[in-house]
Every structure is written in C-alpha cells, then in structure tokens.
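Just so it is clear, the structure is predicted and the values come from calculations on it, not from any experiment. Just so we're on the same page: letters track the sequence lines, and every chain starts at 1.
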There are 2 protein chains.
Amino acid sequence: MIGDRRRATNPLVAKLSRFGPLSQAEIGVLEMLCSNEEQFRAHVDLLNQGDPPRSPFIVIRGMAYRYRILADGRRQILTFLLPGDFCELHTYLFKAMDHSAATLTPGRLAVIERATITTLIARHPRIGAAIWWCSMQEAAIMRERIVGLGRRSARGRVAYILCELVWRQREVGLAEDHAIRLPLTQTDIADTLGLTPIHVNRVLQQFRREGLITLVQRNLRLHDMERLQDLAELTTDYLHLTGIPSEAARYLDGLERL
Amino acid sequence: MIGDRRRATNPLVAKLSRFGPLSQAEIGVLEMLCSNEEQFRAHVDLLNQGDPPRSPFIVIRGMAYRYRILADGRRQILTFLLPGDFCELHTYLFKAMDHSAATLTPGRLAVIERATITTLIARHPRIGAAIWWCSMQEAAIMRERIVGLGRRSARGRVAYILCELVWRQREVGLAEDHAIRLPLTQTDIADTLGLTPIHVNRVLQQFRREGLITLVQRNLRLHDMERLQDLAELTTDYLHLTGIPSEAARYLDGLERL
DNA sequence: CGATCTGTTGATATCCTTCAATTTTGGTGG
DNA sequence: CCACCAAAATTGAAGGATATCAACAGATCG
C-alpha cells in the first residue's frame, strides 16, 4: 500500500521540510548524510544504558524506542523513534548512556560521522537551526509526557499516546488519514504510560466499545480524533509540528547570506 | 552566610566550568553575556502558554519553574530553573509557548539578544558545545522525571526531587553540604510529582520521623543522602553533572584551533 | 493583627494494581 | 499445512496506594 512511498522520499527531508522550504542544495546535503545505511531486525538493542555513547544516526525506516530499566527489572519507555528522527547527535558529550534504546520493527538507520555534522552546521546555518528545531520538538514531546504521567487519567494517557503516534507518522508521510501501523504490545503501551498492561487492555476495550478506535492485528484507526484529543486534553499545536514563525524564517535567511 | 559567594561568581561560569576548564577569554565573553540584568519579584510570570516566545535569558539569581495549566485548572510543574540555566535560547523557532514559567523567589535574569548567541557560538565553538551540553543535561533531567512519574512510588518521587534540587544547587555553588533553601510549598512539590499536597505532606512527615531529612521554614537538610538515593533509585551519574569525556574534550580543542 | 495561604491530621472513596486463570495470536519446525 | 509453544490479549476478583473531603492549627504578610 504505502510501502513504495516510504522508500520514495527520505523521511529526514520530509521532516525538515516541515521546518521550512528547503533548497535543492540543502536537500542534496541531507540525502548525502543518509548514504551510510545499516539494517536492523526487530527487537534488537541500539543503545545500552551504562555504555559509552555511540555515533549519531538517523532513523530511516522502522520504529524504535528509548527506555530505562529499573533496579527491580521494571521498564519505563521514554520516547519513540520514528523515521526522520535524529539520534545521539550530541551524546558524545556524555560519558555514559543513562538509558537504552531498541527496535520495535525491522528497520534501517543512517549512521553519521560526528565531524560531518559539525561541518554541515557550519556551512548550512538553516540546517543547523532545523536540527535545533527537531531537538526542541523532542523536548516538547517530553513535556507532554510529563504532563500526561503527572496529571492525566489512564484514559487520557492512552488517548494521548495514540494521537501522538498518529500525528508523528503523518508528519513524515507515513500515514495520510487517521490509520497507522502500531507495532506496540499492550505491555509496551503500559510501560510508556506508567500503567499495567491489564489496565491498558481495559481502556482499549472501552475505547473500542465506544467506537473511538479500531485496533486489530497492530493496525490502528482513530474514528473520532476530536473526542480523543479532548480526552487527552491535547492540541496538535503543543507538539509544534507545523513549521516556524515567519519572523524566524526571515532571520535565518539573513544568516544564510552572510 | 553564603550570600556573598553567590554574588561573587557568575553562576553561568560556574556551570559551564563543569563542562570543562574555560579560558580567560571565554569567561570574559560569558560575563559580558550577562551584563543586561533584570530584577524580578517572587511569584511573577516570566512566560505564558499561548504567547509568542520571548527573548532568551539566563537565570542569575533566584529560582523559577516551568509549568503547564490544564483545562480544569490543575497544574503540572515541568522543571525548575536555577541560577546558571539558559532559557528560551531557541524557542524563537516556535510560534507559541506550550507552557508557562514563573518565579518562586525574587531574582535576577540576564536578558540576551538572539544575534549575540549566534555570533558567540560561531566564534567560540567550545561555548557552543557547552550550550548543547546544558540542553542535554536538561533533557536528562526530563527523562528522570518521566521515569519517576511513570514508575516510582510517592516516596521514591519525593526522595528524587529533593536529591535533584540539592545536586543542582551544588553544581552552581549554591550549597556546599546537603542543605539548601527550598522555596517550594508542599503544593508545588505535589504539582511537580503528580501527587496531592496531602500525600506529599504525609511522605515528608515520614521522612522526618525516619530521620532522613529536616525541613523547617523552607530550609532543607538531607541527613542520609545514600538512603534517599536508594529510595529514588537514582545515581548522580544520571544527571551528567560531572563534565565531558576526555575524548570529547580533545575533539573540541581541535575545533578551536581551526 | 486579622486575613489568607500553608501545613497537618483523620475518615472515606476510588482508580489502578495485583494475582490468577483462560483464550487468542503468532511464530516455528516437522 | 498443521501441530505445537510462547507471547499477547482478555476477563474476573480482591487489595492497596493515593485521592478526596473536611476540619483545624500554624505561619506569613500586608
């Protein structure tokens, strides 16, 4: 179905285009950046807490997640990594990872040299700004997670995570309506939302009974986005998916001409 | 007591010195950066959700916090802003704030021009890296918050926040032992940890009964850091307060000489 | 020096967890 | 292609950690 389209456009280009229109030169540079691909199978660790940081990469295809394992073995999932996401760009500044990451599906990563980034940013200030923009989007998603875990009910949290995943997949062209592939088990969702899988199951059942979603064999469809958003008390604005203010764009164009 | 020392060293210099030793030139530039100070009283809003972003600033003195107000009026505190913290450095890339911020105590901020940052980073790559380092430390703190809200008990959460605040104040030279000023009400703590103030109160009482802390009139002292850390399942490593790996330092020195 | 915010305590309620069992799904090898 | 096994999903019953409600005592501040 949409498999072909996935290969067609580079998800990094798709994502950064949201930031602002890219020049042909910039698109070229970004595609070059993604030339060194590595394949990964499902359920493979990419990063391990305690280990020294590894070189930066960009998710090209497939889905992964960052997580922390606690002393008693319980797990907290921190964020999901989707195609177009930059990872570990600056972790070389840390001595050891404070969390792990693993794949959920088979996928491909583009591995990057640290020095490549440095020169890239020096030569293309707009791409540098776009990278900052991505990292701020990431921070915005973390803030939403904190608000959700701190103050939302189980229903609100489940509604939230479904919306987030649909929106983010749309952002990089992996979905065009309100339906996505959801390669998460109910245990994964529980470990993301600070709940038990049993309770996640009951919330999902109820959503189904209320006609809000269908979820069969990892295929998710949101039937009433508006009501789910209400439950999650979330507006799409909060994730800042829509590009930058025109004033900021003018400022960056100025830098470019220097 | 330590009031004099607070004024003596610039907290930004104190913080970035943790990143790595700074040259006299770099210290000079950083002090220049903080020349434009503004005074603030306690319980004053610095940022408002929905508003367009404001210009960047650095906290020089006093304490503030970022928070989100939900539709029903409940509040979730996201992070605390301490002296030496960079704020809103790149929010100009967003159209509107997704959260607010307010002071807890009277304090001073150094307001910065956006363009100043750009040239600063271009001229001093090590300072640019230090700024990235700060923003990654911030992300690490957010991760801890997510883990805490998702998977820790009320006791663990309270233990965690006390440790975090003590460590961060020590980082910028505002405390030398395990005692700090804690300008938070129990309601503030509750809104940070996703609990009710009543329950926070009971946990604090219990900590006192167990001889873990004393907390009188906003003066906090941790008597058994080790046990509190255990309760919080937290190591100081996780916040990456200790500086960068030597390999990374060498890399940055290389950049400097270009 | 009263008004208001903060802290404290007790009783009751509830959302979510825990424990336990069963069914369904998905993957793998014969 | 089916049989088998492990993982995931589902359901029920009971328990617990934290919330809610209510009242009062202390602190703080204009």
- [ ] Output the single nucleotide from D:dT20, C:dG26, D:dA9 whose closest atom is nearest the side chain of B:T196.
- [x]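 The listed nucleotide nearest to B:T196's side chain is D:dT20.
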Task: Residue-phosphate contact under 4.0 Å: B:N201 side-chain N/O, C:dG7 OP1/OP2 - done: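 For C:dG7, neither OP1 nor OP2 has a side-chain N or O of B:N201 closer than 4.0 Å.
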TODO: Examine C:dT25: is either OP1 or OP2 under 4.0 Å from a nitrogen or oxygen in the side chain of A:Q217? Give yes or no.
DONE: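 False: A:Q217 side-chain N/O out of range (4.0 Å or more) of C:dT25 OP1/OP2.
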With heavy atoms under 4.0 Å as the rule, sort [X] into base, sugar-phosphate or nothing.
{"X": "B:R208", "answer": "sugar-phosphate"}
{"X": "B:R157", "answer": "nothing"}
{"X": "B:R218", "answer": "sugar-phosphate"}

Task: First of A:L204 and B:I198 reached from the 5' end of DNA chain D, by closest nucleotide - done: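 Closer to the 5' end of DNA chain D: A:L204.
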- [ ] Mark yes or no: A:R66 above the aromatic ring of A:F80, with NZ or CZ under 6.0 Å from the six-membered ring centre and no more than 45 degrees from the axis.
- [x]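 That pair does not qualify as a cation-pi contact.
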Length of the line joining [X]:[atom1] and [N]:[atom2], which is rounded to integer Å:
{"X": "A:H43", "N": "C:dG27", "atom1": "NE2", "atom2": "C1'", "answer": "11 Å"}
{"X": "A:D191", "N": "D:dA7", "atom1": "CG", "atom2": "P", "answer": "16 Å"}
{"X": "B:L195", "N": "D:dA17", "atom1": "CG", "atom2": "P", "answer": "14 Å"}
{"X": "A:L215", "N": "C:dT25", "atom1": "CG", "atom2": "P", "answer": "13 Å"}
{"X": "A:I189", "N": "C:dC16", "atom1": "CD1", "atom2": "P", "answer": "16 Å"}

Open item on the list: Assess, by modelled atom type and distance only, whether the side chains of B:D45 and B:Y67 contain a donor and an acceptor separated by less than 3.5 Å.
Closed with: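 Yes, because at least one side-chain N or O of B:D45 sits under 3.5 Å from a partner of the opposite role on B:Y67.
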- [ ] Verify whether one side chain among B:E171 and B:Q137 offers a donor that lies under 3.5 Å from an acceptor in the other.
- [x]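 B:Q137 and B:E171 do have a side-chain donor-acceptor pair below 3.5 Å.
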Open item on the list: Regarding C:dG7, can its base be found pairing with the side chain of B:R202 as donor and acceptor, where the two atoms are less than 3.5 Å apart?
Closed with: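 When only heavy-atom distances are counted, B:R202 does not reach the base of C:dG7 through any donor-acceptor pair under 3.5 Å.
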